[in-house]
Amino acid sequence: MISPSIQNEIIESIDKQIKNFILILLLLLSLEDLECHDSNPETSSKASLYVSAITKSDFLVSLEVAVTCFSYTLQVKSTVRQALETKRKNADQAFKEIMISVTELALKVGAEITMPRTCGRQTNRVNVNAKDPEEYYKISIFIPFLDNLINQLHYRFDKRLQQMMPLEGLIPTNFGHYDDTSILAAASVYENDFSVSMMSCLKAEIFIWKKQWESETNLPGSAVEALQHCTELLPNVKKLLQLATMTGERLNGLALANINKDDLDCDDIEKYILPAFIKRSPRRVQILDWTK
């Protein structure tokens, strides 16, 4: 008998493939209708170009590779990178499964998976010497995409940033995902940026913050929403939620700068970084010496 977990995996896999088929088929039907029946020659011509583009082998393969790889990143967990690295080690088998799905999709849209003609010298596109389409697209699309995704996960979620992730546990919908010990450990990263009594008060504030939501059913799902319900009676929780409301780009930049501050030259900061920041955002700002 198939276990419930395996049943769920099968259902999710089938559901993903059905969605891909339906979306591509609906898009093709719409474009073909415009191509054949639209009275505007320009619209008809563009629709024909789009039909040709989305039925090409490289597009279909790229679509399936992206869906498969990104499905692993739906949950930001420490095991995501390990799972992708395992796929990378078993690239032959992993891509064989992808090609089966791509072939089925191609049949649905009336296309055939073929590889482009190769030549002795090519500078404008990938020119892989392969014996069949599966090997060609594995080398030209799947492996480079997977390597880049793994490198990006390593760059954006290094050990220091992973230590800070339990702060998500302050968002009411995430109360069950992290315990207080993990949240306190993550908050200790910012210990020097808060008052001396922060760590001793934070545990009590977290308890009060969670009690505040025990009888509620409509829980905030983001730090921005949670911040609206956090009063000055919980100053440390409020500051930590404010840190979580930063945009991804700003948070990554500040975190990386803080992590590598020992490697930065203060003269370079004053000479290059601060002037560039002030020039980019011409407003009155209070610049603190955060390197100390």
Side-chain angles (χ1 to χ4, degrees), residues 66 69-81 149 152-261 273-274 276-278 280-288 290:
C69 292
F70 283 135
S71 65
Y72 284 83
T73 65
L74 292 176
Q75 296 293 329
V76 182
K77 297 180 180 179
S78 59
T79 55
V80 170
R81 198 173 71 203
L149 181 57
Q152 289 295 322
L153 288 172
H154 177 74
Y155 171 75
R156 294 183 178 276
F157 298 98
D158 62 2
K159 290 183 179 179
R160 185 68 179 272
L161 291 177
Q162 288 179 21
Q163 291 175 358
M164 296 157 56
M165 286 180 62
L167 289 179
E168 291 181 342
L170 293 173
I171 300 173
T173 53
N174 295 338
F175 281 166
H177 296 170
Y178 301 96
D179 55 27
D180 290 357
T181 303
S182 300
I183 296 173
L184 290 169
S188 66
V189 174
Y190 298 102
E191 188 173 8
N192 295 332
D193 300 320
F194 288 81
S195 61
V196 178
S197 60
M198 187 271 276
M199 294 306 296
S200 59
C201 297
L202 183 57
K203 187 172 183 179
E205 289 187 22
I206 292 174
F207 178 81
I208 297 171
W209 176 241
K210 290 184 175 180
K211 277 289 183 182
Q212 177 179 327
W213 296 100
E214 277 189 352
S215 59
E216 300 291 335
T217 55
N218 187 18
L219 302 178
S222 68
V224 175
E225 295 176 6
L227 194 58
Q228 297 174 2
H229 302 276
C230 190
T231 67
E232 296 297 336
L233 296 176
L234 305 172
N236 295 309
V237 170
K238 188 170 184 177
K239 287 181 181 178
L240 292 172
L241 285 172
Q242 287 173 338
L243 288 171
T245 60
M246 293 180 179
T247 62
E249 182 179 356
R250 184 184 175 200
L251 179 58
N252 287 338
L254 290 176
L256 289 171
N258 183 58
I259 292 167
N260 299 292
K261 64 184 179 183
I273 298 176
L274 291 183
F277 173 76
I278 294 170
R280 184 174 179 180
S281 302
R283 60 182 180 226
R284 291 184 178 181
V285 291
Q286 181 180 2
I287 306 296
L288 299 177
W290 54 271

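For the single chain, residues carry numbers from 1 onward in sequence order.
- Among residues two or more places apart in sequence or in another chain, the side-chain hydrogen bond (donor to acceptor under 3.5 Å, both in side chains) test is passed with E214 by K211.
- Remark: E216 pairs with W213, L219 by the side chain to side chain contact (heavy atoms under 4.5 Å, CB included) rule, at least two apart or across chains.
- Take A226 and apply the side chain to side chain contact (heavy atoms under 4.5 Å, CB included) test, not counting sequence neighbours, and it matches P172, W209, P220, L241.
- Between C230 and V237, the shortest heavy-atom contact is SG-CG1, 4.0 Å.
- Residues that satisfy the salt bridge (Lys or Arg N to Asp or Glu O under 4.0 Å) test with D179, not counting sequence neighbours, are absent from this structure.
- Here the OG-CD1 distance, from S188 to I183, works out to 12.5 Å after rounding to the nearest 0.5 Å.
- Taking every heavy atom of both residues into account, I171 and G221 meet most closely at CG2-C, 3.7 Å.
- Listed by chain and number, the residues in a side chain to side chain contact (heavy atoms under 4.5 Å, CB included) with L233 are T231 (sequence neighbours excluded).
- Shown here are the salt bridge (Lys or Arg N to Asp or Glu O under 4.0 Å) partners of K203, two or more places apart in sequence or in another chain: there are none.
- A185 pairs by the side chain to side chain contact (heavy atoms under 4.5 Å, CB included) definition with nothing, not counting sequence neighbours.
- Each salt bridge (Lys or Arg N to Asp or Glu O under 4.0 Å) pair with one or both residues in residues 220-236, not counting sequence neighbours, appears once here: E232-K238.
- The structure places CG of L202 at 9.0 Å from CG of D180, a figure rounded to the nearest 0.5 Å.
- Taking CD of E168 as the reference point, atom OG1 of T173 lies at 9.5 Å (rounded to 0.5 Å).
- Shown here for L170 and I206, the closest heavy-atom pair between the two residues is CD2-CG1, 4.1 Å.
- The CG atom of N236 sits 4.0 Å away from the CD atom of E205 when rounded to the nearest 0.5 Å.
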